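Shown next, in structure tokens, is the structure this report addresses.
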Amino acid sequence: MSNDLIEELRFEKDSNNIIAGHESDRNSLPIMRYRDHILYSLEIASTVIVVGETGCGKSTQIPQILYEAGWNFQDKVIAVSLPRRIATISLAMRVSQEMRVKKQVSYKIRFDDKTSNDTKIKFITDGALIREIMCDPLLTQYSVIMVDDAHERSIYTDLLLSLLKKIKVKRKDLRVIISSATIDAESYAEFFHDKGENIQILSIEGRTYPVDVYYLEEPCADYIKKAAETVKNIHESQPRGDILVFLTGQEDIHLFLQSLQDTSGLEGLPLYSGLSTEKQMEVFSSHHSGRRVIASTNIAETSITIEGICYVVDCCFVKAKIYNPASNTEYLNVIPISKAQASQRAGRAGRIRPGKCYRLCTESAFINLQESSVPEILRSDLTSTVLFLKSLGIRNIPNFQFIDQPNKTSVVKALEVLYSLGAIDDFGELTKTIGYQIAEFPIDPRFSVMLLNSCKDEFHCSREMLEIVSMLSIQNLFSGKGIENALWTKRKLGAKEGDHICLLNIFENFNRIQNFQERKRFCQEHKLSMRALQRAYQIKEQLYRIMGKFKCKIVSCDGDVEGILRCLVTGLFANAAQRNPNGTYKTVKGDQLFYLHPTSILGALKPPWVVFTEVIQQDKPYICEVSEIDADWLSELAPHYFSDTRAMQLQIQHRRLQNVAQ
DNA sequence: GAGCACTGC
């Protein structure tokens, strides 16, 4: 197991009560009363929907019940799929401890497949199971697949449910259990209900404590201020017990904690994913004086459980990804939470004794909130999703049955992007040349195109491109706070050609060091995240193996940066932009206006032509990870995109001349 | 000229 995962798991052990002892007596769990009912339902129906709160024991007990009842006939495997890695590992460990067996219970996540021929119960992430469908479209090794936490509605969960519905048509013996914490069971039942098929719904009571909910009398304008007031009130008037405050982002969290600094007897702690693991761990430390106030983002809603919380203060907002199909861009926005999210957040107060939840909105405002959050698939760029479905041979994507049908415009946008990348042809079929190969890489299709091209003699830089693409696939590379920090590191290790070459240099410097301790020192010195760089290394290894499978040559350009930059253009051509006289940038097609992100190494130079990797929407739309290019490369390397009309060529020519004149 | 919710292959 990687160090990264050991660390994450230790974290999980302390943070999640799945492992804690108080559930050790199996037979006291509510779920055990439903044992016969569950088994009977599986005999008479091929789809069973189980509704039950977190903590009722369904994720740990149902697989054991099935195992004991002999659902492993003919060497088939019982699978439980979950949205997140940590939950997958900890469930596997918990169940294998309970059953006192080692080999029969195992897990599989990306980069870490612990399963073998002896595995009978297999915990797996939704994404990993989706990947298995690519090799084994009917999932023939499984007798039962339990899709756990389906209410979270991640893209992979939705895709999995859609595909299972199709698989069940051909595999009459397969059983599907959908497990959800909310009462949207009817919509799943409706989705799976086909040709009079029998579907069973089971509701299982939870075992958490009641939580009293309070609302504001008057709406408030400033929820950070109101949250601080509420916390002080709780502190003065309520019995002991820690307070969990839900806010939207790290800036909110720090403002909030500052305003609490002078209150005696309160210990404020921030919690968000951008924090280093050590900082996050402080939330689970048992050494503290007085009452703790944990100010958290949404990470505490599902991913992390903190013991000892008796009070929840909820600002009733969340920062969520929004997708704009018109411009094919994703961005973050603060939006009101749904009622389902609100009750999940409130439930965090009732884990050790009856708790209290203070919502920072009026009751009438609350009643107007949406019942449940918009599923991820409805607010995402669908390029990878559509490509994946194409690779499974699903031709008519607009007619493919999703639980919630994505916007037609999003599907069309995805098809356009795939066409421009050469992944699909005029008929919408995956191209024989590169279409299937692009689909196989677990990365952005634009990056796959760059990787595949980098082996060609023309570019001759696949070693470098592997490293760049891996670095583009990680988050939170810079561990310290501040734009200055990122820029400082980039200047120290970077290159004038742009941010992509900076990433390459950072990776190569890190990778040259063999010794673990020295690597750690290097990261501290350069304010880089060790975790992020190790992950980049793992991704590189995985991509390397896939390239080997396709017989792609791994070659180095030996410092010839131009080959790399040209190769970037073959994937990122749609993100080519030209500088305006005022220093902003405009995309060549679409004429969208962007600002260079302050962490870009190109901030000082502002070259006339660039390609960028992504856009982030803050107060202004910023382009990130930017490199300098030559305008001539565009029509040369992406003629299908830029020279579909002669006018476009003339326009580029014209703009070039303008530029020379400036 | 100035700060980014959370997952996952």
Side-chain angles (χ1 to χ4, degrees), chain A residues 8 81-88 108-113 124-135 149 152-160 246-255 271-275 296-304 315 317-322 330-335 337 341 373 375-377 379-380 384-385 387-388 391 439-445 447-448 470 473-478 480-487 535 538-539 542-543 546 582-584 595-600 602-604 606 614-622 624:
Chain A
E8 282 183 26
S81 88
L82 296 117
R84 278 178 297 277
R85 295 153 54 101
I86 304 277
T88 307
K108 176 175 173 179
I109 60 177
R110 186 186 188 185
F111 305 128
D112 195 10
D113 181 0
I124 182 168
T125 49
D126 292 338
L129 190 54
I130 286 279
R131 283 276 144 185
E132 285 191 355
I133 296 180
M134 290 181 85
C135 311
D149 283 339
E152 289 194 24
R153 302 296 306 275
S154 76
I155 282 200
Y156 288 127
T157 311
D158 273 26
L159 269 181
L160 192 57
F246 282 101
L247 295 168
T248 59
Q250 76 184 70
E251 196 186 349
D252 280 9
I253 287 173
H254 287 292
L255 283 172
L271 180 65
Y272 47 88
S273 93
L275 281 177
S296 173
T297 59
N298 223 26
I299 193 170
E301 188 183 300
T302 48
S303 303
I304 289 176
C315 77
F317 283 94
V318 65
K319 213 174 266 189
K321 184 172 72 183
I322 310 276
E330 294 174 333
Y331 60 97
L332 287 172
N333 211 358
V334 174
I335 57 166
I337 58 173
Q341 276 185 292
S373 318
E376 191 187 4
I377 201 160
R379 43 190 180 85
S380 299
S384 295
T385 308
L387 178 64
F388 167 70
S391 78
E440 190 118 347
F441 288 102
I443 47 173
D444 187 316
F447 300 166
S448 316
S470 305
S473 307
I474 55 165
Q475 290 108 38
N476 301 323
L477 172 64
F478 299 99
K481 269 181 73 183
I483 287 170
E484 276 309 322
N485 173 33
L487 265 181
R535 193 165 174 80
Q538 287 184 316
I539 295 173
Q542 189 187 28
L543 300 178
I546 300 175
N582 67 0
T584 58
Y595 295 79
L596 197 61
H597 196 272
T599 59
S600 173
L602 293 181
K606 292 235 170 84
E614 60 165 355
V615 177
I616 61 169
Q617 177 74 39
Q618 289 161 357
D619 53 330
K620 295 180 234 167
Y622 290 101
C624 299

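Computation of the quantities below employed the complete heavy-atom set of this structure, encompassing side-chain atoms and omitting hydrogens, waters and symmetry-equivalent molecules. Note on naming: letters A, B, ... go to the chains in the order of the sequence lines (proteins, then strands), and numbering restarts at 1 for each one. These numbers were taken from a predicted model, which means no experiment stands behind them.
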Ignoring hydrogens and geometry beyond distance, is a side-chain donor-acceptor pair present between [X] and [Y] at under 3.5 Å?
X	Y	value
A:Glu376	A:Ser154	no
A:Ser470	A:Ser473	no
A:Arg110	A:Gln538	no

[X], nearest nucleotide to its side chain (from [options]):
X	options	value
A:Lys319	B:dC9, B:dC4, B:dG8	B:dC4
A:Ser303	B:dG8, B:dC9, B:dC6	B:dC6
A:Ser273	B:dC4, B:dA2, B:dC6	B:dC6
A:Gln250	B:dA5, B:dA2, B:dC9	B:dA5
A:Ile299	B:dC4, B:dT7, B:dC9	B:dT7
A:Pro598	B:dC9, B:dG1, B:dA5	B:dG1

Below the 4.0 Å mark, does [N] have OP1 or OP2 next to a side-chain nitrogen or oxygen of [X]?
X	N	value
A:Thr302	B:dC6	no
A:Gln617	B:dC4	no
A:Ser384	B:dC9	no
A:Lys620	B:dA2	yes

Separation of [N] [atom2] from [X] [atom1] (nearest whole Å):
X	N	atom1	atom2	value
A:Asp149	B:dG8	CG	C1'	14 Å
A:Glu376	B:dC9	CD	P	13 Å
A:His597	B:dG1	NE2	C1'	11 Å
A:Ile322	B:dA5	CD1	P	14 Å
A:Leu332	B:dA5	CG	P	7 Å
A:Asp252	B:dC4	CG	C1'	12 Å
A:Glu440	B:dC9	CD	C1'	12 Å
A:Tyr331	B:dC4	OH	P	15 Å

What nucleic acid atoms does [X] come within less than 4.0 Å of, heavy atoms only: base, sugar-phosphate, or nothing?
X	value
A:Phe246	nothing
A:Ile130	nothing
A:Thr297	sugar-phosphate
A:Arg131	base
A:Lys108	nothing
A:Gln475	base

Between A:Lys321 and A:Pro442, which is nearer to the 5' end of DNA chain B once each is assigned its nearest nucleotide?
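First, find each residue's nearest nucleotide; the 5'-ward one identifies A:Lys321.
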Are A:Glu132 and A:Lys108 close enough for a salt bridge, meaning some N to O gap below 4.0 Å?
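Salt bridge flag = yes for A:Lys108 with A:Glu132.
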Output, in order, the C-alpha distance, side-chain angles, deciding distance and verdict of side chain to side chain contact (heavy atoms under 4.5 Å, CB included) for A:Tyr622 and A:Leu596.
CA-CA 5 Å; A:Tyr622 290 101; A:Leu596 197 61; over 6 Å; no
Check whether any side-chain heavy atom of A:Cys624 lies under 4.5 Å from a side-chain heavy atom of A:Val615, and answer yes or no.
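Sidechains of A:Val615 and A:Cys624: no contact.
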